[in-house]
Amino acid sequence: MFQRIQATIRKIPRGKVSTYGAIARAAGFPGAARQVVWALHSSNGLPWHRVVGAGGEIKLQGEPALEQKLRLESEGVSFSGRRVAMKQHEFHFPSPKRARKSGRVQNKRRG
DNA sequence: GATATGACGTCAT
DNA sequence: CATGACGCCATAT
């Protein structure tokens with residue numbers, strides 16, 4: 001479980017951020033945003049600072065909140081007041097769509 | 001099993 | 001935008 005979530009969090013590249021819900025979904029646990037938190041609590045080498053709340057809002061408080069903002073800015077992430085510029089840094093996880101190995105296109109329907 | 005907790009998300013006021 | 005309420009799920013006691 002956490003292993004899956006942690007792996008998902010690690011996929012977040014630098015200069016990008018994601019939300020608890022999105023991570024949970026990408027990990028395969030829609031609605032398990034709280035579990036993402038637990039995964040973060042696990043003292044691992046996870047890029048926790050790249051995880052923010054819905055709308056790019058930093059859910060931390062006090063010093064940790066400042067730390068995350070500092071770390072993100074250090075990666076080139078811009079802020080809109082006290083929130084992350086999601087429109088520029090929201091990381092979209094790769095959809096689990098069956099990848100076509102031979103560059104084969106999917107059944108394209110006449111449009 | 002029940003209760004309490006937690007870096008959440010969404011809706012209603 | 002701020003506050004209140006509910007839903008969600010694993011963990012700890």
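Worth saying up front: this structure is predicted, and the values here are computed from it rather than measured. Order of the sequence lines fixes the chain letters, A, B, ..., with proteins taken first and strands second; residue numbering starts at 1 for each chain.
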How many whole angstroms separate atom [atom1] of [X] from atom [atom2] of [N]?
X        : N       : atom1 : atom2 : result
Gln35(A) : dT5(B)  : CD    : C1'   : 12 Å
Ile5(A)  : dC8(C)  : CD1   : P     : 17 Å
Ile12(A) : dA7(B)  : CD1   : C1'   : 13 Å
Arg25(A) : dC8(B)  : CZ    : C1'   : 13 Å
Arg50(A) : dA7(B)  : CZ    : C1'   : 17 Å
Glu57(A) : dT10(B) : CD    : P     : 12 Å
Tyr20(A) : dA10(C) : OH    : P     : 19 Å
Leu46(A) : dA7(B)  : CG    : C1'   : 13 Å

Counting only side-chain heavy atoms from C-beta out, which of [options] sits nearest to [X]?
X        : options                  : value
Thr19(A) : dG7(C), dG9(B), dA7(B)   : dG9(B)
Phe2(A)  : dA7(B), dG6(B), dA10(C)  : dA10(C)
Ala54(A) : dA10(C), dA7(B), dT10(B) : dT10(B)
Trp38(A) : dA7(B), dC8(C), dA12(C)  : dA12(C)

Flag the pair [X] / [Y] as yes when at least one side-chain heavy-atom distance between them is below 4.5 Å, and no otherwise.
X        : Y        : result
His92(A) : Glu90(A) : yes
Ile23(A) : Ile12(A) : yes
Tyr20(A) : Ile5(A)  : no

Does either side chain, that of Glu75(A) or that of His49(A), offer a donor lying less than 3.5 Å from an acceptor on the other one?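 Yes, His49(A) and Glu75(A) have a side-chain donor paired with an acceptor closer than 3.5 Å.
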
His41(A) side chain near dG6(B) phosphate (N/O to OP1/OP2, under 4.0 Å): no

Select from Arg83(A) and Ala32(A) the residue whose nearest nucleotide in DNA chain C is closer to the 5' end of that strand.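 With Arg83(A) and Ala32(A) compared, the 5'-side residue is Arg83(A).
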
Out of Leu60(A), Val36(A), Val37(A), which residue meets the side-chain contact (heavy atoms from CB on, under 4.5 Å) rule with Trp48(A)? Leu60(A)

Using the P atom as the reference point in each nucleotide, state the distance between dA12(B) and dC8(C) in Å, no decimals.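 That atom pair is separated by 16 Å.
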
